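Since the structure is predicted, the reported quantities are computational estimates derived from the model, not experimental observations.
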Amino acid sequence: ILYLWTFNMQICKPNIVIGLHVLGPSGPLAIQPGGSVMLSCYVQTPIPVEELEVEWRRTDSETIVHLFQDGESQPESQDQAYHDRAHFFIEDIARGNFSLLLTDVTTKDTGLYKCVVYRNQESNETLIEIKMSVYLTVSGGHVVSVYAGEDTTLNCSVHSHIPPEELEEVSWKKRKTDEDMVVFQFINGQTVPESIHEAYRDRVELFSREEIHKGNFSLRLKNIQIEDKGFYICEVFHEDLSANTTVEVQQLVNHCWDMRKAQISICSGAMTPLMILQQEGKNSSKPESNTV
């Protein structure tokens with residue numbers, strides 16, 4: 001009888017949680033640069049604001065991300081890096097919601113955060129990890145129409161959680177039926193000039209380091225030749241990620257007829273014909289008139 005009584009007491013015992021218990025997300029939060037993320041932190045039983053203090057900190061540096069104290073938000077206590085970017089949901093604090101909205105996130109925001117809640121002499125905390133989303137995309141595919149002898153730009157923009165300078169490889173190749181021709185290579189943050197096919201040496205270049213830092217891997221192709229016509233692919237590789245975009249180069253052909261006695265050359269392109277007048281060693285050009 002004693003055994004049965006003890007058993008009945010155990011199954012009828014109410015589930016009482018003693019002390020302060022702070023809850024948060026069940027796993028890491030993934031972000032993308034420029035986006036926003038909500039760092040969840042709450043209690044199931046609301047706490048009177050006059051008894052409440054909430055601290056948001058980074059665990060690696062103890063940097064104060066935000067603070068709620070004395071019944072109000074304390075933005076002056078924030079680290080400068082989070083000023084105007086980390087916000088409480090003020091209306092929800094009295095309901096036990098101490099979550100934080102972090103806006104305009106960058107790779108520097110990744111790491112471990114803690115939400116510490118104080119009530120009189122009690123305290124409890126939850127940990128939140130922010131990780132950068134894994135993504136790699138490339139844009140810029142277009143068609144370029146250009147005359148022989150001119151320069152042109154083949155567009156390629158890389159969008160990724162990986163800093164552009166840390167990408168394993170960015171390459172420009174011309175599509176060929178037998179084997180692709182290497183036009184330019186950027187490997188582990190450095191250009192590789194010896195890998196450029198001889199047909200393109202001294203005729204191709206990327207833009208400035210500042211542009212590369214923005215993910216701009218557009219290629220400047222100089223002195224277009226007839227053989228340059230075709231499809232060019234910008235390929236990006238990093239670990240098991242890859243992406244690409246394709247640019248087509250179409251060449252506009254000049255057709256010229258000489259009229260030596262009149263010292264006039266008439267040239268027409270695929271777009272607008274031009275009349276070129278040769279007078280005493282000086283060249284001038286103007287749009288063709290309707291009477292020619």
Side-chain angles (χ1 to χ4, degrees), residues 136-160 162 164-165 167-238 241-259 264-278 283-288:
L136 176 63
T137 60
V138 178
S139 63
H142 63 126
V143 178
V144 175
S145 298
V146 62
Y147 287 107
E150 294 183 336
D151 299 345
T152 192
T153 298
L154 313 183
N155 293 335
C156 178
S157 296
V158 179
H159 315 275
S160 177
I162 309 156
E165 299 87 346
L167 291 167
E168 288 182 1
E169 180 182 348
V170 179
S171 65
W172 276 99
K173 295 177 183 178
K174 184 182 180 184
R175 287 295 194 198
K176 305 286 286 185
T177 54
D178 49 356
E179 184 179 358
D180 291 345
M181 184 184 298
V182 176
V183 179
F184 199 91
Q185 277 191 319
F186 183 88
I187 298 178
N188 295 324
Q190 300 294 328
T191 59
V192 188
E194 61 271 18
S195 68
I196 300 174
H197 191 278
E198 60 183 6
Y200 292 93
R201 285 178 186 164
D202 300 322
R203 293 202 297 128
V204 290
E205 63 183 7
L206 296 180
F207 286 81
S208 66
R209 280 281 173 178
E210 290 75 11
E211 287 299 310
I212 291 175
H213 182 70
K214 299 174 186 176
N216 183 3
F217 285 93
S218 299
L219 190 71
R220 190 70 176 166
L221 178 56
K222 303 175 183 178
N223 189 21
I224 292 290
Q225 306 296 308
I226 295 175
E227 296 79 10
D228 294 336
K229 180 181 178 181
F231 292 90
Y232 294 77
I233 183 169
C234 174
E235 296 179 300
V236 184
F237 302 93
H238 190 86
L241 300 175
S242 65
N244 64 74
T245 190
T246 301
V247 177
E248 181 182 3
V249 173
Q250 296 180 345
Q251 190 172 22
L252 301 178
V253 180
N254 284 330
H255 302 285
C256 295
W257 299 269
D258 290 331
M259 300 172 62
I264 296 176
S265 292
I266 300 177
C267 297
S268 65
M271 301 297 288
T272 304
L274 296 178
M275 177 182 288
I276 303 175
L277 304 179
Q278 300 175 350
N283 294 338
S284 62
S285 63
K286 63 180 181 179
E288 181 187 41

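Ion pairing of R201 with E198 is absent here, as no side-chain N (NZ or NE/NH1/NH2) approaches a carboxylate O to less than 4.0 Å. Electrostatic pairing of K174 and D180 does not count as a salt bridge here, judged by no charged N lying under 4.0 Å from a carboxylate O. Salt-bridge annotation for E205 and K222: present, with a side-chain N of the basic residue lying under 4.0 Å from a carboxylate O of the acidic one.
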Does the side-chain contact (heavy atoms from CB on, under 4.5 Å) test come out yes or no for Q190 and V192, once each step is laid out? CA-CA 6 Å; Q190 300 294 328; V192 188; 5.7 Å; no
Please step through side-chain contact (heavy atoms from CB on, under 4.5 Å) for the pair L206 and L219, ending with a clear verdict. CA-CA 5 Å; L206 296 180; L219 190 71; 4.0 Å; yes
Please test Y147 against I224 for side-chain contact (heavy atoms from CB on, under 4.5 Å), starting from the C-alpha separation and ending with a verdict. CA-CA 7 Å; Y147 287 107; I224 292 290; over 6 Å; no
Taking it one step at a time, do V236 and F217 satisfy side-chain contact (heavy atoms from CB on, under 4.5 Å)? CA-CA 10 Å; V236 184; F217 285 93; 5.9 Å; no
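The closest side-chain heavy-atom distance from N188 to E168 is below 4.5 Å. In this structure the side chain of H197 never reaches within 4.5 angstrom of the side chain of V183, judged on heavy atoms. With contacts defined as side-chain heavy-atom distances shorter than 4.5 Å, the pair T246/Y232 does not qualify. Using a 4.5 Å cut-off on side-chain heavy atoms (C-beta onward), D228 and Y200 make contact. In this structure, F207 and I212 have side chains that are not in contact, with every pair of non-hydrogen atoms separated by 4.5 Å or more. A heavy-atom distance below 4.5 Å is found between the side chains of W172 and V247. Between E179 and K176 there is no side-chain heavy-atom pair separated by less than 4.5 Å. In this structure, the side chains of V204 and L221 come closer than 4.5 Å at one or more pairs of heavy atoms.
Summarising the local packing, CZ of F231 is surrounded by 12 or fewer heavy atoms from other residues, nucleotides or ligands at distances under 6.0 Å. The number of heavy atoms from other shown groups lying within 6.0 Å of NE2 (H213) does not exceed 12.
Checked by atom type and distance alone, the side chain of S160 pairs as donor or acceptor with a backbone atom of I162 at under 3.5 Å. S218 places a side-chain N or O within 3.5 Å of a backbone atom of C156 that can act as its donor or acceptor partner. Using modelled atom types, no side-chain atom of T245 and backbone atom of S139 make a donor-acceptor pair closer than 3.5 Å.
Under the 3.5 Å distance criterion, with hydrogens and angles disregarded, a donor-acceptor pair is assigned to the side chains of Q225 and N223.
A distance of 10.5 Å separates NE2 of H142 from CD of E248, quoted to the nearest 0.5 Å. Atoms CG and NZ, from N244 and K173 in turn, are 10.5 Å apart once rounded to the nearest 0.5 Å. To the nearest 0.5 Å, the span separating CG on N216 from OG on S208 amounts to 8.0 Å. H238 NE2 to L167 CG: the interatomic distance, rounded to the nearest 0.5 Å, is 7.0 Å.
Heavy-atom minimum distance, I226 versus Q251: CA-OE1, 3.0 Å. F186 and P164 get closest at one heavy-atom pair: CE2-O, 4.2 Å.
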